[in-house]
Amino acid sequence: MLDPRFLRTELETVTERLKVKNFDLDVARFESLETRRKEVQVATEALQAERNTRSKSIGKAKANGEDIEPLKSAVAEIGDQLNKQQEELRKIQAELDEISWSIPNIPDASVPTGTDESDNELVRSWGDPTNFTFDAKDHVDLTSESKLLDIEVAVKIAHSRFMSLRGPLARLHRALIQFMVDVHVQEHDYEEVYVPYIVNDESLRGTGQLPKFEADLFKIQNEERDLYLIPTAEVPVTNIARNEIFPASDIPKRFVCHSPCFRSEAGSYGKDTRGMIRQHQFEKVELVQMVRPEDSWDALEALTGHAENILQKLGLPYRVMNLCGGDLGFSAAKTYDLEVWLPGQGQYREISSCSNFLDFQARRMQARWRNPDSGKPELLHTLNGSALAVGRTLIAVLENYQQADGSVQIPQILQSYMGGLTVIDL
RNA sequence: GGAGGGGUGGCAGAGCGGUUGAAUGCACUGGUCUUGAAAACCAGCAUGUCGAGAGGCAUCCAGGGUUCGAAUCCCUGCCCCUCCGCCA
């Protein structure tokens, strides 16, 4: 959520800058609602003040043993009027809230303009696309004979866009998770957390998935309450800070969390239908930081570096992209995507997304810290990034480490997590 | 799942339906005193919002209700504690 005062006073600027994100703000409607809100709110509060003072004087009169009946009936009229005003104010406020909860974050000045991923800006790259002396296969062909990656059985068990792993591939998948979490804890100073994989709508509003993107989520409907499967650990982990005021000594907070992620992938029909690139369920190791406002841009660079470190340790070629306005997520002010080279597809594919949200999520969540300079609670800045998406990392390892005989080498750094195994025969 | 008890400021802990946004203690901040510190004493010390300011409004777990007036009464939900049952 944007700062309401900034939104009100700098409406043209906001509207202009949101165009970078292809968002059209209905300025006229917003302004007229805002004007009415102010009028009605002032009137309502005046009535409340009137009622309060009169009620207090009734209290005094009663204490003095005076007759309070005539006073009571006078206030009753104010009460009726007040109820009407309050109802009116409530309606206006609800409309305004709906608008402000649906306005995306403003892109940072360093975000390139553009409409889709083709307008993203190359920041740097690491390694060269892997060379093969033979025809490189994709992960589906590589595993089709051994069936250690089995899509069909998962479709039988659940539905399309699910997969199953067996034997050494299941183990490699698990090894990747352990490896990533260990690196972030031991080398990058993150605290490991375990959190619920099912969350309430408040949490999803906090991070920005709701109210606008309910269709992307798996919802668990129940007579008592609706809950949602998490689309990313960002949701539960960032919401640790919701409605909290942290002492300055607790900031920054850096969390690493492995979790499954569940996405409905509504609207991606026919996209990435081959293999396990795009799944309803996948594992991810997520980094989340809560920092002082002045530190968040440095933190974004550091966090991106932490994700890159994983790719480098695995020896996987990648590039870093600065997402353009049109490709930027709802809550993000700036995002770096890490794209790993996939020989099977002959292209770079997203494997991580690292974002600075500034105070956008913190305002929705009321996630604060006590600034020793002001002595006041102030909004934190939040960031997060995948480090990495595990399913896609598994694909990248399979495709980049494949050998002419169809086997796959295990990257050096993972071998200790695989009980010394160096090759997987497929 | 059954039976009780409870949720008040950073913490502890008061609060007959009416000058209670909330006593008191601790913690914290500033000051006096002291060579310095401790102690003592004085002062300050919740959050949001509107306002240039004075000040107004809202908030005592959350949401409804009763009332001229609710931290205080009623209903619902959530959470915590104790006992019984069940269970990984």
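Keep in mind that the numbers below use all heavy atoms, side chains included, and drop hydrogens, waters and symmetry copies. Sequence lines set the chain letters: A, B, ... in the order given, protein chains first and strands last, and positions in each chain run from 1.
- Atom name P, nucleotides B/U67 and B/A62: the rounded distance is 23 Å, in whole Å.
- Contact check, A/N52 against B/C57: a side-chain N or O comes under 4.0 Å of OP1 or OP2.
- Taking atom CZ of A/F246 as the reference point, atom C1' of B/G10 lies 15 Å away to the nearest angstrom.
- With respect to A/R36 and A/E95, no salt bridge is recorded, no charged nitrogen being found less than 4.0 Å from a carboxylate O.
- Side-chain N/O atoms of A/R51 include none lying less than 4.0 angstrom from OP1 or OP2 on B/U67.
- A/R242 places its CZ atom 14 Å from the P atom of B/C79, with the value rounded to the nearest Å.
- With both pairing distances under 3.5 Å, B/A39 is matched to nothing as a Watson-Crick or G-U wobble pair.
- Here, B/G2 and B/C74 have their P atoms 22 Å apart, quoted to the whole Å.
- For A/V75, taking side-chain heavy atoms from C-beta onward, the closest of the listed nucleotides B/G56, B/U47, B/C68 is B/C68.
- With a cut-off of 3.5 Å on both Watson-Crick or G-U wobble distances, the partner of B/C68 is given as B/G18.
- Nucleotides B/G77 and B/G1 place their P atoms 12 Å apart, quoted to the nearest Å.
- For B/G48, one of the phosphate oxygens OP1 or OP2 lies less than 4.0 angstrom from a side-chain nitrogen or oxygen of A/R368.
- Across all strands shown, B/C33 has no partner, as no Watson-Crick or G-U wobble contact with both distances under 3.5 Å is found.
- To the nearest whole angstrom, the two P atoms, one in B/C57 and one in B/U82, are 43 Å apart.
- A/Q178 places no side-chain N or O within 3.5 Å of a backbone atom of A/Y417 that could act as its donor or acceptor partner.
- Taking atom P in both B/G69 and B/A14, the straight-line distance is 30 Å, to the nearest Å.
- With a 3.5 Å ceiling on both atom-pair distances, the Watson-Crick or G-U wobble partner of B/C83 is B/G2.
- Ring orientation note: the planes of A/F162 and A/H280 are tilted relative to one another, at an angle of 30° to 60°.
- B/G6 and B/A54 are spaced 42 Å apart, taking the C1' atom of each and rounding to whole Å.
- No engagement by A/R90 is indicated, since no non-hydrogen atom pair under 4.0 Å with the nucleic acid exists.
- For the C1' atoms, the distance linking B/G55 with B/G21 amounts to 15 Å, nearest Å.
- To the nearest whole angstrom, the two P atoms, one in B/A71 and one in B/G63, are 13 Å apart.
- Using N1 to N3 plus N6-O4 or O6-N4 for Watson-Crick, or N1-O2 and O6-N3 for G-U wobble, each under 3.5 Å, B/A54 pairs with nothing.
- The distance between the ring centers of A/Y197 and A/F262 does not fall below 6.0 angstrom.
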>> Please determine whether side-chain contact (heavy atoms from CB on, under 4.5 Å) holds for the pair A/R392 and A/I277, giving the CA-CA distance in whole Å, both sets of side-chain angles, and the decisive distance to 0.1 Å.
In response: CA-CA 6 Å; A/R392 289 191 181 178; A/I277 283 272; 3.7 Å; yes

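- Residue A/P247 is out of contact with every strand shown, counting any heavy-atom pair closer than 4.0 Å.
- Comparing B/C57, B/C50, B/C68 against the side chain of A/R8 picks out B/C50 as the nearest.
- Pairing of B/A12, defined by two Watson-Crick or G-U wobble distances under 3.5 Å, is identified with B/U24.
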Between the protein and nucleotides 71-78 of chain B, which nitrogen or oxygen pairs come in under 3.5 angstrom?
unit_1	atom_1	unit_2	atom_2	d
B/C78	OP1	A/R225	NH2	3.1

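- For the pair A/K62 NZ and B/G17 C1', the interatomic distance rounds to 8 Å; values are reported in whole Å.
- Between A/L383 and A/W297 the shortest side-chain heavy-atom distance does not fall below 4.5 Å.
- Distance A/D97 CG to B/G48 C1': 14 Å, rounded to the nearest Å.
- If you measure from atom CG of A/N83 to atom C1' of B/C68, you get 12 Å, rounded to the nearest angstrom.
- For the pair A/I92 CD1 and B/U49 C1', the interatomic distance rounds to 17 Å; values are reported in whole Å.
- The separation between A/I58 atom CD1 and B/G17 atom P is 18 Å, rounded to whole Å.
- In this structure, A/R37 reaches neither bases nor backbone, as no heavy-atom distance under 4.0 Å exists between it and the strands shown.
- Counting to the nearest Å, the C1' atom of B/G17 and the NZ atom of A/K56 are 15 Å from each other.
- The CG atom of A/N105 lies 7.0 Å from the OG atom of A/S331; values are rounded to the nearest 0.5 Å.
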